[in-house]
Peer 1: 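This is the structure, below, for whatever I ask next.
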Amino acid sequence: MTATEELPQLPFAHGDTVLDVPPTYLALMRAEQPIARVRTAVGDLAWSVTRYDEVRTLLADPRLGRSHPEPEKASRFTESAILGGPLGDYATEKQEHVRLRRVLTPAFSARRMTALRPRVARLVAELLDRIADQGPPADLHEELAFSLPVLVICELLGVPATDRAKFRVWSTKMASMLDGESAQDALAEFSAYMRDLIERKREDPAQDVISDVIAADEEWHFGIDEMTFLAVALLFFAGHETTMARIDMGTVLLLSNPAQAAALRDDPSLVPTAVEEILRMTVGGQSGGVTRYAHADIEISGMTIPAGDAVLLSTDAGNRDTSAFPEPDTFDIARHSTTAHLTFGHGPHFCIGASLARIELQEVFSVLLQRFPTLRLAVPLESLQARTETTTAGLRALPVTW
């Protein structure tokens, strides 16, 4: 393979609307190329994995990791400050992963999430009240999809309410795929803020995740740099940006399928399965999928992924695989499948914040259509624009009326 050989390059263009998985993914999967060479958004080589079985298998494969033995030589996925390239120490990644899971799992326990649900419900009600008071039309992305997750994750972290407005600029810049300098500047500013907050919470702990990590420091010996990274990358960035996209796209899915919206409005018991269908069908970010590096040669489906190569596990494509889901492009809020979607991953890296995301989505979609029974898009579906310049999904705006 030559350096000039033409390969599909990310970000792949959407189909006719933002609801469509990029056709390139489906073409690779359906042409029996579930593991294919592509170029990342910055032009580096990577393997794209698109079929459900292979994506699920590799998500749990211990030979894949976020670190690289020679970081300076590794393919980069984007210019993002968080998800752009190798992350962590190659020699200790697996041990560190186990350690961090043990520390963070209690913060996202079922008990804590159950206790948080009433607060999430109140936040949803307050945001919808504000939307109603302002009157139509409204940008649901700005007023709900962006606002709710940042309020929830800041509350979980223990961030003062007066500081929450600062996070909009930081999170947006940090997620940039192509402006590496701006992303790094935002990461530095955010890290400095979180470092200061951690030191304040050492003196005045509270019932929040940062205080929990500080309390665990005596046993696990975290340094300030590691605690800062946890707060910035694992908690805020993942907890905020990913949920925001699902609120955006879940709303569009419902408003584009009136019969499904009516069924949900008439039968609130459908909320849990509706949320799982939204999670399955939502098209993710533009980085190409879950980013990993091969720590050893991996033989799979007749292909060899050499050690050191970059790998993109497309959960979006896997969630639309006909071999895993009957009529996968049909939005069915009553779908009962024995096959689990891949949105939160699989195996030891299954998303630790999955229960939090589900609570937020369930609270939103249990009341949104009840509160605004005539809610509809204020622009044609085809005119909605995805946030293609960032690693995470979602829309630039979601104009609605009622």
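Computed from a prediction, not measured in an experiment: that's the story for all the values here.
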Peer 1: Tell me if a side-chain donor or acceptor on R335 pairs with a main-chain N or O of T330 at a distance below 3.5 Å.
Peer 2: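 Yes.
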Peer 1: Looking at every non-hydrogen atom in both residues, tell me the closest pair between H341 and F325 and how far apart they are.
Peer 2: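 Reported closest heavy-atom pair: CA-CZ, 4.0 Å.
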Peer 1: Can a donor-acceptor pair be found, under 3.5 Å and without considering hydrogens, that links the side chain of S211 to the backbone of Q207?
Peer 2: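 Here the side-chain-to-backbone pair does not exist.
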Peer 1: Is any NZ, NE, NH1 or NH2 atom of the basic residue among D309 and R37 found under 4.0 Å from an Asp or Glu carboxylate oxygen of the other?
Peer 2: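 Looking at R37 together with D309, the answer is yes, because their closest N to O distance falls below 4.0 Å.
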Peer 1: For the atom pair CD1 (I278) and CG (L264), what is the distance rounded to the nearest 0.5 Å?
Peer 2: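 Atom-to-atom, I278:CD1 and L264:CG are 7.5 Å apart.
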Peer 1: How many angstroms lie between CG in L375 and CG in L255, if you round to the nearest 0.5 Å?
Peer 2: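 Answer rounded to 0.5 Å: 5.0 Å.
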Peer 1: Check D53 with R51, please: is the shortest side-chain N to carboxylate O separation under 4.0 Å?
Peer 2: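 Looking at D53 together with R51, the answer is no, because their closest N to O distance does not fall below 4.0 Å.
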Peer 1: Would you check if there is a donor-acceptor pair between the side chains of S314 and D316 at a distance under 3.5 Å?
Peer 2: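 No pair is found: no donor N or O on one side chain lies under 3.5 Å from an acceptor on the other.
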Peer 1: Are more than 12 heavy atoms, taken from residues, nucleotides or ligands other than R102, located less than 6.0 Å from that residue's CZ atom?
Peer 2: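 Check fails, neighbour count at 12 or below.
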Peer 1: Check the pair E276 / T343 against side chain to side chain contact (heavy atoms under 4.5 Å, CB included), numbers first and verdict last.
Peer 2: CA-CA 9 Å; E276 296 309 307; T343 302; over 6 Å; no
Peer 1: Short question: side chain of N319, backbone of T315 - any donor-acceptor pair under 3.5 Å?
Peer 2: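 The answer is yes, because a donor-acceptor pair under 3.5 Å joins these two groups.
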Peer 1: Quick one: pull up OG in S256 and CG in L254 and give me the separation to the nearest 0.5 Å.
Peer 2: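 Spacing of OG (S256) from CG (L254) equals 8.5 Å.
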Peer 1: Quick one: salt bridge (Lys or Arg N to Asp or Glu O under 4.0 Å) partners of R76, sequence neighbours excluded?
Peer 2: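 Partners of R76 under the salt bridge (Lys or Arg N to Asp or Glu O under 4.0 Å) test: none.
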Peer 1: Measure the acute angle between the ring planes of F12 and Y25, then classify it against the limits of 30° and 60° as parallel, tilted or perpendicular.
Peer 2: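 F12 vs Y25 ring planes: perpendicular.
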Peer 1: How close do T339 and A324 get, counting heavy atoms only, and between which atoms?
Peer 2: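 Scanning both residues completely, I find the closest heavy atoms to be OG1-O, 3.3 Å.
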Peer 1: With the threshold set at 4.0 Å, does a side-chain nitrogen-carboxylate oxygen contact exist between D208 and K201?
Peer 2: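 Yes, D208 and K201 are salt-bridged.
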Peer 1: In Å, rounded to the nearest 0.5 Å, how long is the span from OG1 of T251 to CZ of F365?
Peer 2: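 It is 4.0 Å, given to the nearest 0.5 Å.
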Peer 1: Check E93 with R66, please: is the shortest side-chain N to carboxylate O separation under 4.0 Å?
Peer 2: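 Result for this pair is no, no salt bridge flagged.
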Peer 1: Nearest 0.5 Å please: distance from the CD atom of E226 over to the CD1 atom of I198.
Peer 2: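 E226 CD to I198 CD1: 10.5 Å, rounded to 0.5 Å.
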Peer 1: Under a plain distance cut-off of 3.5 Å, with no hydrogens placed, do D321 and S323 share a side-chain donor-acceptor pair?
Peer 2: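 Yes, D321 and S323 have a side-chain donor paired with an acceptor closer than 3.5 Å.
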Peer 1: For the side chain of Y293 and the backbone of S75, is there at least one donor-acceptor N/O pair under 3.5 Å apart?
Peer 2: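 Yes, Y293 side chain to S75 backbone: donor-acceptor pair under 3.5 Å.
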Peer 1: Mind listing the closest non-hydrogen atom pair of L342 and G318 along with its distance?
Peer 2: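 Nearest pair, atom of L342 first, then G318: CD1-CA, 4.3 Å.
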Peer 1: Against R99, only a single residue in H97, Q95, E96 fulfils side-chain hydrogen bond (donor to acceptor under 3.5 Å, both in side chains); can you say which?
Peer 2: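 The option that passes is E96.
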Peer 1: I'd like to know if the side chain of Q9 and the backbone of R39 have a donor-acceptor N/O pair within less than 3.5 Å.
Peer 2: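 No, the answer is negative, given that no donor and acceptor are paired below the 3.5 Å cut-off.
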Peer 1: Taking only residues two or more places apart in sequence or in another chain, which ones pass salt bridge (Lys or Arg N to Asp or Glu O under 4.0 Å) with R200?
Peer 2: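 D196.
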Peer 1: Does the pair D225/R195 count as a salt bridge with the N-to-O cut at 4.0 Å?
Peer 2: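 Yes, this pair counts.
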Peer 1: Parallel under 30°, tilted from 30 to 60°, perpendicular over 60°: which one fits the rings of H141 and F146?
Peer 2: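 Answer is tilted, since the angle falls between 30° and 60°.
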Peer 1: Between R112 and D212, does at least one N-O distance fall below 4.0 Å, as a salt bridge requires?
Peer 2: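 Salt bridge: yes.
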Peer 1: Rounded at 0.5 Å granularity, tell me how far CG in L100 sits from OG1 in T105.
Peer 2: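 So the CG of L100 and the OG1 of T105 are separated by 10.0 Å.
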Peer 1: Which heavy-atom pair separates E143 from L127 by the least distance, and what is that distance?
Peer 2: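 Heavy atoms of E143 and L127 come nearest at O-CD2, 3.7 Å.
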Peer 1: Can you name the nearest heavy-atom pair linking F331 to N257, along with the distance?
Peer 2: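 Scanning both residues, the minimum pair turns out to be CD2-ND2, 3.7 Å.
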Peer 1: Please report the shortest heavy-atom distance between M113 and I359, naming the atom on each side.
Peer 2: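 Reported closest heavy-atom pair: O-CD1, 3.3 Å.
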Peer 1: Do other residues, nucleotides or ligands put more than 12 heavy atoms under 6.0 Å from the CG atom of D16?
Peer 2: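 It does not: D16 CG has 12 such atoms or fewer within range.
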Peer 1: Given 3.5 Å as the limit, does a donor-acceptor pair link the side chain of R246 with the main chain of L279, or not?
Peer 2: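 Absent.
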Peer 1: Does Q134, at its CD atom, have more than 12 non-hydrogen atoms belonging to other residues, nucleotides or ligands within less than 6.0 Å?
Peer 2: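 Yes - once you tally the heavy atoms of other residues, nucleotides and ligands closer than 6.0 Å, there are more than 12.
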Peer 1: Can any side-chain N or O of S67 pair as donor or acceptor with the backbone N or O of P86 at less than 3.5 Å?
Peer 2: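 Not a single qualifying donor-acceptor pair exists.
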Peer 1: Test side chain to side chain contact (heavy atoms under 4.5 Å, CB included) on L398 and D139; report intermediate values, then the result.
Peer 2: CA-CA 5 Å; L398 179 48; D139 179 1; 4.1 Å; yes
Peer 1: Would you say T17's side chain and L19's backbone share a donor-acceptor pair under 3.5 angstrom?
Peer 2: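 Such a contact is found between T17 side chain and L19 backbone.
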